[in-house]
Amino acid sequence: MFIAEYIKMLDKSYLFPSDALEKILSLIPNGVTSERLNLHECYGRVTSSDIISPEDLPAFTRSTVDGYAVNSLDTFGAKESSPIYLTIKNEILMGYEANFTLMRGEAASIPTGGMLPPGADAVVMLEDIQLVDKYTIEILKSVAPFENVIQKGEDIKRGEKVLSKGHKLRYQDIGALAGIGIKEIDVYRKVFISIISTGDEIVPVDSPVKIGQIRDINSYTLTGLIRETGSVPINRGIFRDDYNEIKTAILNSLEDSDIILISGGTSAGNKDMTADIINDIGKPGVLFHGVAMKPGKPIIGGVISNKPILGLPGHPAAVIVCFNRFVRPIIEKLMGIVSEKNFLKKVTARLTKSIASSAGREDHIRVYLEKRDNELLATPILGKSGLITTLVKADGIVIIPCDVLGINEGEKVEVMIH
Ligand code: AMP
Ligand code: MG
């Protein structure tokens, strides 16, 4: 039965989502143009070149504790029962160079972060010394070479690659750049994305709804999804199912956007003319119309002169699933991201109910998560893709790949959190 269903599916000639996505990705650039930005503006941006450290971090060997800088050899064998005596040479001040050399048999008091003087290679913590008088301390515990210190260049070495091109900057990355004195870097500019909402029945959020009409949900969910990636949404408004109106909206969007998203108008109904309009405007035009996926089957994917243009099936849940499956990777490529460690956004949970899936179709199942007896459980939320509340109740999505016929209750699944 599996094979028969599979062939039937292939006969319908819908592409697998991964192949469909690849068609678009192969035609668009890695990263848009770049710009030089102040470090404070760089959070969430993507590096457009490798970043090499101009200096050592730290620039000098520093103590990680409050204590006494010593030559570790001088502390060899020190114990509480048989302490070793050292002469107090000096006091090292925070923020100043230790401009003297520590000789054998000497120690110098040092604060956390203070510079080790030449001749010292370790620090004995305050807890492990005893002051005998103004000039002498007892060492109650030996230290190994480099104990309680960060060596010059131990964090980052001068000339070392700190970050690779195509890296999405997190706060710790920006902190590291500040630490080596880099105040401006080259990053890809933000990606601009037009949202065109279509449908004779769609009315704005501030309009009363007459029978037959429905408020525009998709512009709002898409705006949030786009913002979350760090890109810029451009809401072009709501357009009637009119060839010329929609064509004009797309032409205008091509002027100032990197990606164009059209909500609605993708099914085969006579009002759904998006594919024709895309082909009419430019080349290569529509690359696929319909993929083996649920929800989101009638999605349209196209490219017009290197700009991706997608027709998203209007059902609110389908829009979100299509965004995450298709639009997000497209945005990430244009943002210049080379490798996104997606695993951070996934959790593993045990499925509480079996889910069936047709062969040859990729199913995106909405689930909610709960913790019981220290275990994470995922419960499928069944409901039509026209119901936005199925996603409001959901914590994430379980994807059943094309070649899997369903998942049994009790099995472990990966949940993409959103
Ligand atoms: P379509 O893709 O145009 O065939 O639309 C599929 C379904 O999604 C229809 O029930 C539409 O009314 C609905 N829909 C289309 N656009 C939106 C929107 N912006 N907000 C909410 N529902 C929509
Ligand atoms: Mg429509």
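Atoms within a ligand are numbered from 1 in the order they appear, just like the ligands themselves. From a predicted model like this one, the values you see are computed outputs, not experimental measurements. For reference, positions follow the sequence shown, starting with 1.
- Under the 3.5 Å distance criterion, with hydrogens and angles disregarded, a donor-acceptor pair is assigned to the side chains of Asp66 and Thr112.
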For ligand 1, list all ligand N or O to protein N or O distances below 3.5 Å, rounded to 0.1 Å.
| from | atom 1 | to | atom 2 | distance (Å) |
| --- | --- | --- | --- | --- |
| ligand 1 | 2 (O) | Gly265 | N | 3.3 |
| ligand 1 | 2 (O) | Gly314 | N | 2.9 |
| ligand 1 | 3 (O) | Gly265 | N | 2.7 |
| ligand 1 | 4 (O) | Ser267 | OG | 3.3 |
| ligand 1 | 8 (O) | Gly314 | O | 3.2 |
| ligand 1 | 8 (O) | His315 | N | 3.2 |
| ligand 1 | 12 (O) | Glu201 | OE2 | 2.6 |
| ligand 1 | 14 (N) | Gly314 | O | 3.4 |
| ligand 1 | 19 (N) | Ser197 | OG | 3.3 |
| ligand 1 | 19 (N) | Asp216 | OD1 | 2.8 |
| ligand 1 | 19 (N) | Asn218 | ND2 | 3.4 |
| ligand 1 | 20 (N) | Ile217 | N | 2.9 |
| ligand 1 | 20 (N) | Asn218 | N | 3.4 |

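- Each salt bridge (Lys or Arg N to Asp or Glu O under 4.0 Å) pair with one or both residues in residues 201-213, not counting sequence neighbours, would appear here, but there are none.
- Counting only heavy atoms from C-beta outward, the side chains of Ile52 and Glu160 never approach each other to under 4.5 Å.
- Remark: Glu409 pairs with Ser354 by the side chain to side chain contact (heavy atoms under 4.5 Å, CB included) rule, at least two apart or across chains.
- Electrostatic pairing of Glu370 and Arg372 counts as a salt bridge here, judged by a charged N lying under 4.0 Å from a carboxylate O.
- Listed by first then second residue, pairs satisfying side chain to side chain donor-acceptor pair (under 3.5 Å) with a partner in residues 284-294 number zero, not counting sequence neighbours.
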